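Below: the structure, in structure tokens.
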Amino acid sequence: MSEVSKSLDFIRTIVTEDLKNNKNNGRVMTRFPPEPNGYLHLGHSKSICLNFGIASEFGGVCNLRFDDTNPCKEDIEYVESIQEDIKWLGFDWEDRLYYASDYFDQMYQYALQLIKDGKAYVCNLNAEEIRHYRGTLTESGKESPYRTRSIEENLSLFERMKRGEFEEGTCVLRAKIDMTSPNINMRDPTIYRIRKAEHHRTGNKWCIYPMYDFAHCISDATEGITHSICTLEFEINRPLYDWYLDQLPVPCHPQQIEFAKLNFTRTIMSKRKLLRLVKEGHVSGWNDPRMPTLAGARRRGYTAEAIRNLCDMVGVAKSNSVVDIALLEHCIREDLNKKALRVMAVLKPLKVIIDNYPENQVEELEAVNNPEDPNSGTRKIPFSRIIYIEQDDFREDPPKGYFRLSPGREIRLKHAYYIKCNSVIKDELTGEIKEVHCTYDPETKGGWSTDGRKVKGTSHWVSAPHSIEAEVRLYDYLFLDVKAGEEEETSDFMERLNPNSLEILKKCRLEPGLKEAKTGISYQFLRQGYFCVDSVDSLPDKPVFNRTVSLRDTWAKIEKSQK
RNA sequence: UGAGGCGUCGCCAAGCGGUAAGGCACUGGAUUUUGGAUCCAGCAUACGCAGGUUCGAAUCCUGCCGCCUCAGCCA
């Protein structure tokens, strides 16, 4: 944080206040409670940064707790990926790794307590009947005929539920609250349901599983959480959170605080929808670089620091918000600009022959590794008579404002020489430009001229015989832009899938040093963008690079506006 | 026609009765061996709307309007 005093968000204001009043004896404990039913995504990073961030800022700790109360949806694959992602983001739960299932025995005891106190009952209405009895948003519900069972009968029935004597769906344990409550969550919510499924941690020990509202508040209280931070949609559940804790002899009563989750334009964050993209094969997996998952972001080359900074910049509030994806990209560029090694790579090669350069001569030219980082040093790159430049860097018939290479014009080759185009050789049949012939000025070695001559354009290049071949994958948004006024809900989100979200370039030519490129390191392909070695598909003799994000491209913008 | 939230620039978001921070985006210009980066400038007489209180209101009061969440034996 800078010296400019940043005002506290509303949650940090609450924590500050609580500390001042010595609430919780000055203790701060938060938790990040993912359900292991999918991979973590950018949206979760806001919650992770918030919970771990607040804990560390206020001298507290943050627990990691898997909310694993539904054995039908959860999987060990997810508990592993979630831990990996949180560590990668830069946070540490130390030895405080918990599972809601750790507390199943305790929860069962609390359920018994509610029954004994006449505050819970076993209900034999089926799901449809329960829905019917619950009433609607505007009509109050009516009481279940099983609501008045005796404590003894409830105890016995609940015991038999636990022993597996009843089939799934035949009965549930319900809290006895108020069927006329204007808050539907308070109309005798379900506490336990029967699920004869194997749980990834408790195996077959249980065939009854607690519902979220019951399990979550008890887990929080058991761990001694002080501030239970969750997203806006749980606001309506807060009275129930408080009700359970008020009825039970729990060690403490955490405060639930809700904030608006993070959404981005042109992406989806719903785990259900992301799962569908994976299952239907629209992406290569949860870690496809186009996915908003942390695994995908990491593979694409996004850095943890950039994501943390983004979370800091978007702030924390209660209004539903959709952040412009451009802000994410800004944060990535801002971070990578400081860190990335500059290299030259020609993505769509165009052969250039420098006619006056000696045939077998090769020069080793010096190039700076990162002008933003004086400690990054320099490297040598080979230069020879035949080079490749970007197809985009040559126009036979240049438009207004174009200051790259074209017949009769001179440009600078970065770190090398000025070259001037003399002629173009085209395919007689297709008219496609096959090669461009130039002459170089030996007096401009390094890219400087002593006569005050100026060139407007500077191109990147590679020496044709020295360069290595690589595959480069360019990514675009997974979803098309939502047009103004377009009803998002009326159409299936799959209809908005961008058919061109992946462009694969197979014959790219890179400067030879990139043979040594390693995963986990970001490179700036000069004038193009930030790239990294693909951690899954890249092979030593067949390198694959991912474009993390392009550089800002003012010329592309100008050109587009001219059309 | 229920309850709970939220409405400040295109997008986030400060502000908490004393006369609208900041970031992104956008637009100019400087600079530049990346049309990158950097720098400088511009960008809400205005805070959903309408009344009211006050010397003074985005901030307080009243009434409207709009959007979001809730009717899983999901979380």
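In this text, all values refer to a predicted model and were calculated from it rather than measured experimentally. The sequence lines fix the lettering, A, B, ..., with proteins before strands; numbering per chain opens at 1.
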Within the structure shown, what part of the strands sits under 4.0 Å from [X] by heavy-atom distance: base, sugar-phosphate, or nothing?
X: A:K557; result: sugar-phosphate
X: A:F264; result: nothing
X: A:R412; result: base
X: A:K318; result: sugar-phosphate
X: A:R342; result: base
X: A:H415; result: base
X: A:P371; result: base
X: A:G529; result: nothing
X: A:V322; result: sugar-phosphate
X: A:T138; result: base

Using the [atom1] atom in both, what is the distance from [N] to [M], to the nearest Å?
N: B:C43; M: B:C24; atom1: C1'; answer: 13 Å
N: B:G23; M: B:U62; atom1: P; answer: 37 Å
N: B:C12; M: B:G17; atom1: P; answer: 26 Å
N: B:A21; M: B:A30; atom1: P; answer: 29 Å
N: B:G7; M: B:A46; atom1: C1'; answer: 15 Å
N: B:C26; M: B:C9; atom1: C1'; answer: 11 Å
N: B:U53; M: B:A44; atom1: C1'; answer: 26 Å
N: B:A14; M: B:A20; atom1: C1'; answer: 10 Å

Under 4.0 Å between a side-chain N or O of [X] and OP1 or OP2 of [N]?
X: A:R333; N: B:G36; result: no
X: A:K338; N: B:A37; result: no
X: A:S181; N: B:A3; result: no
X: A:H330; N: B:C24; result: yes
X: A:S319; N: B:A13; result: yes

For the pair [X] and [Y], name the ring-plane relationship: parallel under 30°, tilted 30 to 60°, perpendicular over 60°.
X: A:Y209; Y: A:H199; value: parallel
X: A:F383; Y: A:W461; value: perpendicular
X: A:Y103; Y: A:Y98; value: tilted
X: A:F493; Y: A:F479; value: tilted

Let me know, please, whether A:R238 or A:R527 comes out on the 5' side of the other along RNA chain B by nearest nucleotide. A:R238

For RNA chain B, whose closest nucleotide is more 5', that of A:F10 or that of A:L327? A:F10

Specify the separation, in whole Å, of atom [atom1] of [X] and atom [atom2] of [N].
X: A:Q256; N: B:G5; atom1: CD; atom2: C1'; value: 13 Å
X: A:L8; N: B:G15; atom1: CG; atom2: C1'; value: 13 Å
X: A:L526; N: B:U32; atom1: CG; atom2: P; value: 18 Å
X: A:E329; N: B:A25; atom1: CD; atom2: P; value: 9 Å
X: A:D9; N: B:G15; atom1: CG; atom2: C1'; value: 14 Å
X: A:E258; N: B:G4; atom1: CD; atom2: C1'; value: 10 Å
X: A:M313; N: B:C11; atom1: CE; atom2: C1'; value: 12 Å
X: A:F531; N: B:G36; atom1: CZ; atom2: P; value: 16 Å

Quick one: look up who [N] pairs with, Watson-Crick or G-U, both distances under 3.5 Å, and put none if it's unpaired.
N: B:G51; value: B:C61
N: B:G28; value: B:C40
N: B:A46; value: none
N: B:G2; value: B:C70

Establish, yes or no, whether the cationic atom of A:R509 lies under 6.0 Å from the six-membered ring centre of A:Y388 and within 45° of the ring axis. no

For A:L365 and A:H415, the nearest pair of non-hydrogen atoms, with its separation, is CD1-O, 3.7 Å

How close do A:L232 and A:K318 get, heavy atom to heavy atom, and via which atoms? CD2-O, 3.1 Å

Looking at B:G35, does its base get a donor-acceptor pair with the side chain of A:E559 below 3.5 Å? no

Considering only heavy atoms and no angle criterion, is a donor-acceptor pair shorter than 3.5 Å present between the side chain of A:Q528 and the base of B:U34? no

With syn meaning chi within 90° of zero and anything else anti, the base of B:G66 is anti

Do we see a donor-acceptor contact under 3.5 Å between the side chains of A:N237 and A:Y212? no

In terms of side-chain heavy atoms of A:N337, which of B:G36, B:C12, B:G35 is nearest? B:G36

A:E235 has a side chain; which of B:G35, B:A25, B:G4 sits nearest to it? B:G4

Apply side-chain hydrogen bond (donor to acceptor under 3.5 Å, both in side chains) to residues A:N183 and A:S181 and explain how you reach the verdict. CA-CA 5 Å; A:N183 181 343; A:S181 171; 5.5 Å; no

Going by salt bridge (Lys or Arg N to Asp or Glu O under 4.0 Å), A:D188 matches just one of A:K176, A:K142, A:R147. Which one? A:R147

Along nucleotides 65-75 of chain B, 5' to 3', which nucleotides get a B, which get an S, and which get a -, given that the test is a protein heavy-atom distance under 4.0 Å? ---SSBBSBBB

Please report the interatomic distance CE(A:M344) to NE2(A:H460), rounded to the nearest 0.5 Å. 9.0 Å

